[in-house]
J.: 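Following this message is one structure expressed as structure tokens.
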Amino acid sequence: MKAMNDVRVRFAPSPTGYLHIGGVRTALFNWLFARHHRGQFILRIEDTDQSRSTDEAIRAILDGLSWVGLDWDEGPYRQTERLDLYRQHAMTLFEQRQAYWCVCTAEELEARRKEAQARGLPQKYDGRCRDRQITNPGGEAALRFKAPQAGETVVEDLIKGQVVFENSLLDDLIILRSNGFPTYNFSVVVDDALMGISHVIRGDDHLTNTPRQIPIFHALGHAVPQFGHLPMILGTDKARLSKRHGATSILAYKEMGYLPEAMVNYLARLGWSHGDQEIFTGQELIEKFSLDHVQKSSAVFNPEKLLWVNAEHIKSSEPSRVAALLRPFLDQAGLGAEARTKPAGWLEQLVILFRERARTLAEMATAAKPYVKDELAFDEKAVKKLLTPAIVPALTKLTDRLAGVPDFSQAELEKVFKRLVEEEGMKMGQLAQPVRVALTGGTASPGLFEVMVLLGRERTLARLKKGIALAGRSTPS
RNA sequence: GUCCCCAUCGUCUAGCCUGGCCUAGGACGCCGGCCUUUCAAGCCGGCAACACGGGUUCAAAUCCCGUUGGGGACGCCA
């Protein structure tokens, strides 16, 4: 982790909805960049559109970031708390004749825009108020920035490389709305300047905003930060990720049973790579992250791979941690109360049995049901096929012997079981499957002896007896 | 319409900057096998890509140009 002198980056979401996957990815890359360079990660809420911003959305952003473990060093700043700052700087630009009052109404502008679009002309403000020298507008007026119209603006993007824009195409942006609120392109620049942001790392949907913002940095007399534009994340249909592609709020993934570190791992690998490595711990990500290996092209979000990454993290996490994270899912599956009656360490044992069989915590909770609950739901087909009268003698013998096993351990149980199978001249599977149905209700489960230990002697015997009863009752074919 | 970005298996990507080691590597998924008390996991194997066309060069996935395709931006949204 080389310290680049005073790296200061920021994540600047607008609180107009939930925090989605793309936002988290942008936040993550900023955070990794900051942590890698031992710099500062700043959180700034861009809420200058007071009609669309909500406190609820701010809450969701904070909760989402916290869940994935992206902690910030400064903030959250709120732009609505800094309005005076923007106004001051806007007026300074006005006094320096770098900005001017525009009295065109929103309706007029909209009409002209439509007109231009229809005639195939560039949709750009025609600059009709530019030289009107309005010093004290009576009614409603917006302040526009006088954008340079000659030469070109060159962006040395850390990810895309050099990008050149023709200044003659630049619009005179409104920097202060007629209601006194600053617009995005102005407040970002003022804040990035005042907050000493060294690197602006954001989605490449902002690439064309960059040549509009650079002249404002110049006008404000501030050094221009470095830029890095990240490729977008697309849905399976190659369109921008949206609600149509399923759960997009990052918190929805928490509810589906993903581990935050898996989410971070997957998102980091979406657009960034480190050779052939797929699985990373948080620490490795910080050590290895670099903008040099960020992809230039957009990436398609692949839920299947996310599932695999999650499974990998479930397998490698401490069982106790997984157990703790599993609790809310047990509650949700209606197993919480019973799970809490189990002895200490029981849930960890359950996790050890299911961590290589479940890809999410939700799946694990579902799979846990037959072990947590006392009553068993039987798979009718399995019962009919495997719990037959013919198996009753062997099942009975097994039950008797298990009752007498002094040490109810896996090794011991296996010994007893195998001896019986041999004595009866059976194959392992001939006895194992009926026993499995009796113990779990179905034909698929972890290893039998692990299951028995998890259930404990008492429940194992009770279930075997129930199985024998069921087998004796079924009609011989 | 104008401007900008992008282009390696279905998907995520390595390789591209510093051409030859690439009959293009890894991963997810899919298919087959092994292991096995079932299901998983694990292991082994298979299918599958340099968008197209020109050029430069002894040699191009790698450099240049064009085409096509995809994405983004053009708001008193951010």
Side-chain angles (χ1 to χ4, degrees), chain A residues 12-16 46-49 51-53 102 104-106 109-110 113 116-125 140-144 155 157 159-161 163-166 169 171 173-179 181-185 187-188 203-212 229 231-232 234 236 238-240 266 269-279 292-293 295-309 311 315 353-359 367 382 414 417-418 421 427-433 435-437 440 442-449:
Chain A
S14 65
T16 52
E46 310 227 323
D47 56 351
T48 54
D49 183 351
S51 65
R52 297 200 308 153
S53 300
C102 171
C104 300
T105 67
L109 293 169
E110 178 63 22
R113 211 170 3 250
Q117 191 172 25
R119 295 173 55 184
L121 297 170
Q123 298 168 51
K124 178 181 163 180
Y125 176 62
E140 296 223 319
L143 198 64
R144 280 189 192 269
V155 180
D157 194 271
I159 293 163
K160 306 277 186 182
V163 187
V164 180
F165 297 88
E166 207 60 53
L169 266 13
D171 219 337
L173 295 173
I174 288 179
I175 56 176
L176 217 55
R177 290 181 256 236
S178 51
N179 68 2
F181 281 71
T183 55
Y184 164 74
N185 275 301
S187 52
V188 241
D204 70 10
D205 48 339
H206 284 290
L207 186 54
T208 51
N209 275 327
T210 311
R212 297 161 204 209
H229 287 94
M232 304 266 86
L234 310 179
T236 318
K238 300 252 185 180
R240 207 172 163 161
Y266 176 73
R269 276 291 282 102
L270 208 53
W272 172 80
S273 62
H274 185 265
D276 286 337
Q277 190 171 350
E278 297 286 353
I279 301 300
D292 301 343
H293 290 277
Q295 200 80 1
K296 286 177 170 185
S297 51
S298 47
V300 174
F301 182 81
N302 182 349
E304 287 293 325
K305 186 151 183 182
L306 170 60
L307 228 28
W308 175 78
V309 171
K315 273 181 270 189
L353 296 202
F354 284 97
R355 62 178 175 175
E356 53 199 32
R357 293 177 172 79
R359 295 179 300 176
E414 185 163 359
F417 195 97
K418 288 199 165 151
V421 165
K427 279 189 180 169
M428 186 72 181
Q430 286 179 289
L431 184 57
Q433 281 306 77
V435 169
R436 175 165 281 114
V437 175
T440 71
T443 53
S445 82
L448 268 193
F449 311 113

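Within every chain, numbering begins at 1; the chains are lettered A, B, ... in the order of the sequence lines, protein sequences first and strands thereafter.
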J.: In whole Å, what is the span from the OH atom of A:Tyr266 to the C1' atom of B:C12?
T.: 6 Å

J.: Can you tell me the pairing partner of B:G45 across any strand shown, Watson-Crick or G-U wobble, with both distances under 3.5 angstrom?
T.: B:C31

J.: Between B:C22 and B:C64, how many Å separate the two P atoms, rounded to a whole number?
T.: 24 Å

J.: If we take the P atom in both B:G66 and B:C76, what is their distance in whole Å?
T.: 34 Å

J.: Looking for any heavy atom pair under 4.0 Å, which part of the strands does A:Arg359 touch: base, sugar-phosphate only, or nothing?
T.: nothing

J.: Between C1' on B:C16 and CG on A:Asp292, what's the gap in Å once rounded to a whole number?
T.: 14 Å

J.: Give a yes or no answer on whether the side chain of A:Gln433 reaches the backbone of A:Gln430 with a donor-acceptor pair at less than 3.5 Å.
T.: no

J.: Might you point out which heavy atoms bring A:Arg436 and A:Ser445 nearest each other, and give the distance in Å?
T.: NE-OG, 2.8 Å

J.: How far, in whole Å, is B:U68 from B:A48 if one measures between their P atoms?
T.: 31 Å

J.: Just so I know, are the side chains of A:His274 and A:Trp272 near enough to count as touching, which here means a heavy-atom distance under 4.5 Å?
T.: yes

J.: How far does OG of A:Ser14 sit from CG of A:Asp49, to the nearest 0.5 angstrom?
T.: 8.0 Å

J.: Given that A:Leu306 and A:Cys102 both sit by RNA chain B, which one's nearest nucleotide is further toward the 5' end?
T.: A:Leu306

J.: How would nucleotides 2-10 of chain B be written as a contact map, 5' to 3', with B for base contact, S for sugar-phosphate-only contact and - for no contact, using protein heavy atoms under 4.0 Å?
T.: -SSSSS---

J.: Taking the side chain as every heavy atom from C-beta outward, state whether A:Arg212 and A:Phe165 have any pair of such atoms under 4.5 Å apart.
T.: no

J.: Both distances under 3.5 Å, Watson-Crick or G-U wobble: report the partner of B:U36, or none.
T.: none

J.: Round to the nearest Å and state the distance from A:His274 atom NE2 to B:A14 atom P.
T.: 12 Å

J.: Give A:His229 one of three labels, base, sugar-phosphate or nothing, depending on what nucleic acid heavy atoms sit under 4.0 Å from its own.
T.: nothing

J.: Using atom P of each nucleotide, how far apart are B:G45 and B:C58 to the nearest Å?
T.: 41 Å

J.: Heavy atoms under 4.0 Å is the rule here; annotate nucleotides 31-50 of chain B 5' to 3' with B where the base is hit, S where only the sugar-phosphate is, and - elsewhere.
T.: ------BBBBSS--------

J.: Send over the distance from A:Ile174 CD1 to B:G75 P, rounded to a whole Å.
T.: 10 Å

J.: Does A:Asp47 use its side chain to pair, donor to acceptor, with the backbone of A:Pro15 at less than 3.5 Å?
T.: no

J.: Take A:Tyr184 and A:Tyr125, find for each the nucleotide of RNA chain B with the closest heavy atom, and name the residue whose nucleotide sits nearer the 5' end.
T.: A:Tyr125

J.: Ion pair present between A:Lys160 and A:Asp204, side-chain N to carboxylate O less than 4.0 angstrom?
T.: yes

J.: Mind checking the CZ-CD1 spacing from A:Arg269 to A:Ile279? Nearest 0.5 Å is all I need.
T.: 9.5 Å

J.: A:Asp171 has an atom CG; how far is it from atom C1' of B:C76, in whole Å?
T.: 12 Å

J.: Backbone N or O of A:Gly442 within a donor-acceptor pair of the A:Thr440 side chain at under 3.5 Å?
T.: yes

J.: How far does SG of A:Cys102 sit from CG of A:Leu176, to the nearest 0.5 angstrom?
T.: 12.5 Å

J.: Which whole number of Å gives the distance between the P atom of B:G71 and that of B:G33?
T.: 41 Å

J.: For B:U56 versus B:C31, give the span between their P atoms, rounded off to a whole number of Å.
T.: 48 Å

J.: Whether the A:Thr183 and A:Asn185 side chains hold a donor-acceptor pair (N or O, under 3.5 Å, no angle test) is what I'd like checked.
T.: no

J.: Across all strands, who's sitting opposite B:G75 as a Watson-Crick or G-U wobble pair, both distances under 3.5 Å?
T.: none

J.: Rounded to whole angstroms, how far apart are CG on A:Asn179 and P on B:G75?
T.: 18 Å

J.: Considering every strand and a 4.0 Å limit on heavy-atom distances, what is the contact class for A:Ser178: base, sugar-phosphate, or nothing?
T.: base

J.: Take atom CZ of A:Phe301 and atom P of B:G29, then tell me their distance rounded to the nearest Å.
T.: 15 Å

J.: Look at the side-chain N and O atoms of A:Arg113 and state whether any lies under 4.0 Å from the OP1 or OP2 oxygen of B:C76.
T.: yes

J.: Scan A:Asn209 against the nucleic acid and name what it touches under 4.0 Å (heavy atoms): base, sugar-phosphate only, or nothing.
T.: base

J.: For B:A59, what is the paired nucleotide under Watson-Crick or G-U wobble rules, both distances under 3.5 Å?
T.: none

J.: Does any nucleotide pair with B:A51 by Watson-Crick or G-U wobble geometry, both distances under 3.5 Å, and what is it?
T.: B:U67

J.: Any base atoms under 4.0 Å from A:Thr16, or only sugar-phosphate, or nothing? Heavy atoms, all strands.
T.: nothing

J.: Considering every strand and a 4.0 Å limit on heavy-atom distances, what is the contact class for A:Glu304: base, sugar-phosphate, or nothing?
T.: sugar-phosphate

J.: Considering only atom P, compute the distance from B:A24 to B:C52 and round it to an integer number of Å.
T.: 15 Å

J.: With rounding to the nearest 0.5 angstrom, report the NE2 to CD1 distance, A:His229 to A:Ile159.
T.: 8.5 Å

J.: When the C1' atoms of B:A14 and B:U57 are considered, how many whole Å apart are they?
T.: 26 Å

J.: Counting the atoms with a prime plus P, OP1 and OP2 as sugar-phosphate, which does A:Gln123 contact under 4.0 Å by heavy atoms, base, sugar-phosphate, or nothing?
T.: base

J.: What is the distance, to the nearest angstrom, from the CH2 atom on A:Trp272 to the C1' atom on B:A14?
T.: 13 Å

